[in-house]
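A note on names: the letters A, B, ... follow the listed sequences, proteins ahead of strands, and every chain is numbered from 1.
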Amino acid sequence: MKKVRVRFAPSPTGSLHIGGARTALFNWLFARKKNGAFILRLEDTDLERNLQEAEEGIMASLRWLGLDWDEGPDKGGPYGPYRQSERLAVYRREAERLLRAGLAYHCYCSPEELARQREEARKKGVVPRYDGRCRELEEEKRAQLEKAGIRPALRIKAPREGATVVKDLIRGEVTFENKTLDDFVIMKSNGVPTYNFACVVDDSLMEISHVIRAEEHLSNTPKQIIIYKLLGYPLPSFAHVPMILAPDRSKLSKRHGATAVEEFRTDGYLPEALVNYLALLGWSPGDEREKMRLEEIISLFSLEEVSKHAAIYDIKKLTWLNAQYLNDLPLERVVNDAIPFFQARGYIGEVDPQTCTYVTKVVAAIRSRVHTLAEMAEAAEYFFKDNFPYDEKGVRKYFSTVQAADLLSRGREILARTEPFDLPTVEAAYRQLIEELGISGGALIHPTRLAVSGKTMGPGLFDILVVLGKEECLKRMERAIDYIKKRTAGLASPPVRP
RNA sequence: GGCCCCAUGGUCAAGCGGCCUAAGACACCGCCCUUUCACGGCGGUAACCCGGGUUCGAAUCCCGGUGGGGUCACCA
């Protein structure tokens with residue numbers, strides 16, 4: 001059995017979006033499952049659209065997702081180079097072969113002229129196809145054009161009859177009538193190959209066994225198969241994975257919110273969650289499993305089980321999965337990923353051991369209550385700042401009477417006396433006070449929560465108290481007591497008659 | 001428009017001729033747990049695009065329609 005070799009071949013024109021990420025993931029899963037090689041190749045033959053940052057950005061996203069490659073532009077490999085812009089000599093050599101064998105020919109038609117013809121055809125409602133006028137150009141005429149300094153493009157002599165069949169692992173056999181194809185360009189007049197040509201040459205020379213790519217390439221495949229045949233290279237297997245659509249069924253774009261992997265990272269999603277979600281878009285393990293470890297996905301994955309229809313991506317499910325991982329991943333790991341988010345909000349600076357210990361407690365207290373790291377950072381604010389405002393509704397409910405201040409004073413006294421300041425001791429002391437006062441637990445717990453956090457909801461009160469520590473709690477209780485006193489004093493003044 | 005692909009709840013999806021009066025998950029709605037909010041647990045609403053065949057029997061096979069998507073460059 002031939003060794004499985006697959007590739008992900010993005011063009012560095014922008015950031016890696018989730019459609020590309022999923023294509024990369026499926027390739028990677030297949031390679032790992034089959035003990036094959038996963039290759040990264042940059043299709044940077046469009047000199048105009050290449051972006052310097054894009055190449056590094058795509059690799060960074062891939063790395064963040066945990067999709068490592070065995071050969072690629074940064075690490076080399078036996079089939080390099082892996083950047084198409086560095087392989088121009090290879091394409092020229094292969095093109096020359098075709099030309100000499102009479103399987104391709106020079107075309108001197110100007111792009112403007114061709115565009116005009118296309119436009120005309122479109123107006124007439126006819127399919128715009130190159131008419132092959134340069135196919136049988138007389139040598140004399142050719143020399144003349146050459147002498148005039150016209151740089152020709154190279155076109156393939158495509159078959160006019162018969163059909164080309166794509167054997168697709170996901171879709172079965174797809175037939176294209178050759179008469180619907182034309183003599184397409186394989187080398188531009190500037191000596192740079194077109195996508196279809198470079199792709200076939202590289203896939204052949206790099207001995208790619210399975211071409212797994214997005215469905216948008218399905219209609220390119222007959223052209224590529226024609227090139228394979230003319231070049232005399234064996235065909236790889238093909239698998240065209242369905243597209244990912246936006247919620248309105250249109251192609252994903254920036255107006256649909258986050259679509260780039262990088263954006264998901266900065267929005268506080270974990271790579272495990274994104275990978276898991278992407279794997280579930282268009283593929284299913286066949287049973288009820290949803291949350292799966294990467295190893296599990298690898299062992300279960302199969303191309304035959306990839307669905308045929310496009311999937312609409314739903315951020316709600318991704319968010320749910322993210323919350324699952326936030327809860328289930330080892331605490332240290334989550335803390336590690338949360339730290340940059342806390343730093344960005346100015347909660348902490350350089351991380352020393354004490355900070356780390358404190359942050360770990362904070363994360364442990366709130367991670368089950370949030371869905372993303374960004375949300376977590378927002379929810380954690382009062383653990384790092386003591387000048388927070390009090391929730392308005394909460395104030396009306398718990399801070400509107402003089403008695404509320406007395407109640408908090410009693411609570412403050414108890415907390416001041418509690419030693420050690422740990423969960424069982426603090427809780428026992430507070431519960432005892434509740435009993436002494438003959439009130440319900442909530443009657444003391446809610447005002448206290450508002451006093452120390454400014455919020456009416458959140459982790460268990462005693463967890464908050466213990467994380468904050470005694471000194472901080474006492475300070476915050478005093479601040480709340482002052483606040484209530486000022487507030488109620490205002491209320492106590494005689495009402496003004498109109 | 002030509003060519004190509006696709007079609008199970010709002011979304012992801014199981015199903016590959018009888019086990020389907022159609023799983024599961026997200027979302028949504030109840031209830032329980034609880035000092036609050038989450039987490040968790042339990043339950044509920046909700047789907048085989050339409051029309052013809054084939055078959056004893058069709059969500060599953062075939063044909064047509066409709067709908068959605070992709071693609072038609074010296075872009076990738």
So, A:Phe399 versus A:Tyr390, ring centres under 6.0 angstrom or not?
-> yes
Hey, is the side chain of A:Thr180 poking within less than 4.0 Å of OP1 or OP2 on B:rC72, counting only N and O atoms?
-> no
Rounded to whole angstroms, how far apart are CD on A:Glu216 and C1' on B:rC5?
-> 13 Å
Report yes if a side-chain nitrogen or oxygen of A:Lys251 is closer than 4.0 Å to either non-bridging phosphate oxygen (OP1 or OP2) of B:rU71; otherwise report no.
-> yes
Using a cut-off of 4.0 Å on non-hydrogen atoms, how would the nucleic acid contact of A:Arg449 be classed: base, sugar-phosphate, or nothing?
-> base
How about A:Trp283 and A:Phe301: are their ring centroids closer than 6.0 Å?
-> yes
What about A:Asp287, does its side chain sit under 3.5 Å from the base of B:rA23 through a donor-acceptor pair?
-> no
Evaluate whether atom CD of A:Glu56 has more than 12 neighbouring non-hydrogen atoms of other residues, nucleotides or ligands under 6.0 angstrom away.
-> yes
Quick one: does A:Arg49 reach the base of B:rC75 with a side-chain donor-acceptor pair under 3.5 Å?
-> yes
A:Lys188 side chain N/O closer than 4.0 Å to the phosphate oxygens (OP1, OP2) of B:rA76?
-> yes
Sugar-phosphate, base or nothing in reach of A:Thr319, heavy atoms under 4.0 Å = nothing
B:rG41 and B:rA46, which share atom name C1', separated by this distance in whole Å = 22 Å
Looking for any heavy atom pair under 4.0 Å, which part of the strands does A:Pro247 touch: base, sugar-phosphate only, or nothing?
-> nothing
Count the heavy atoms of every other residue, nucleotide or ligand shown that sit under 6.0 Å from CD of A:Glu113, and state whether that count exceeds 12.
-> yes
How close or far is atom P of B:rA76 from atom NZ of A:Lys223, stated in whole angstroms?
-> 12 Å
OP1, OP2 of B:rC74 versus side-chain N and O of A:Arg155: anything below 4.0 Å?
-> yes
Remember a base hit wins even if backbone is also touched, and classify A:Thr448 as base, sugar-phosphate or nothing at under 4.0 Å, heavy atoms.
-> nothing
Base, sugar-phosphate, or nothing: which does A:Phe176 touch, judged by heavy atoms less than 4.0 Å apart?
-> sugar-phosphate
How long is the gap from NZ on A:Lys188 to CZ on A:Arg151, to the nearest 0.5 Å?
-> 15.0 Å
Distance below 4.0 Å between A:Ser284 side-chain N/O and B:rC12 OP1 or OP2 | no
Does any N or O donor sit under 3.5 Å from an N or O acceptor when you compare the side chain of A:Thr194 with the base of B:rC74?
-> no
Pair partner, B:rC31 [Watson-Crick or wobble, under 3.5 Å] | B:rG41
With a 3.5 angstrom cut-off on both distances, give the Watson-Crick or G-U wobble partner of B:rU54, or none if there isn't one.
-> none
Contact class for A:Gly441 (heavy atom, under 4.0 Å): base, sugar-phosphate, or nothing?
-> nothing
Are any of A:His309's side-chain N or O atoms less than 4.0 Å away from OP1 or OP2 of B:rA13?
-> yes
What does A:Thr175 touch in the nucleic acid at a heavy-atom separation under 4.0 angstrom: a base, only the sugar-phosphate, or nothing?
-> sugar-phosphate
Base of B:rC37 paired with side chain of A:Arg369 (donor-acceptor, under 3.5 Å) = yes
A:Gly282 near the nucleic acid: base, sugar-phosphate alone, or nothing, with a heavy-atom cut-off under 4.0 Å?
-> sugar-phosphate
Hey, is the side chain of A:Gln324 poking within less than 4.0 Å of OP1 or OP2 on B:rG40, counting only N and O atoms?
-> yes
For atom CD of A:Glu436, is the number of surrounding heavy atoms from other residues, nucleotides or ligands below 6.0 Å larger than 12?
-> yes
Scan A:Arg118 against the nucleic acid and name what it touches under 4.0 Å (heavy atoms): base, sugar-phosphate only, or nothing.
-> sugar-phosphate
Touch check for A:Ala153, heavy atoms < 4.0 angstrom, all strands: base, sugar-phosphate only, or nothing?
-> base
May I ask you to say what A:Glu43 touches in the nucleic acid, namely base, sugar-phosphate or nothing, with a heavy-atom cut-off under 4.0 Å?
-> sugar-phosphate
Counting any heavy atom closer than 4.0 Å, what does A:Cys199 reach on the DNA or RNA strands: base, sugar-phosphate only, or nothing?
-> nothing
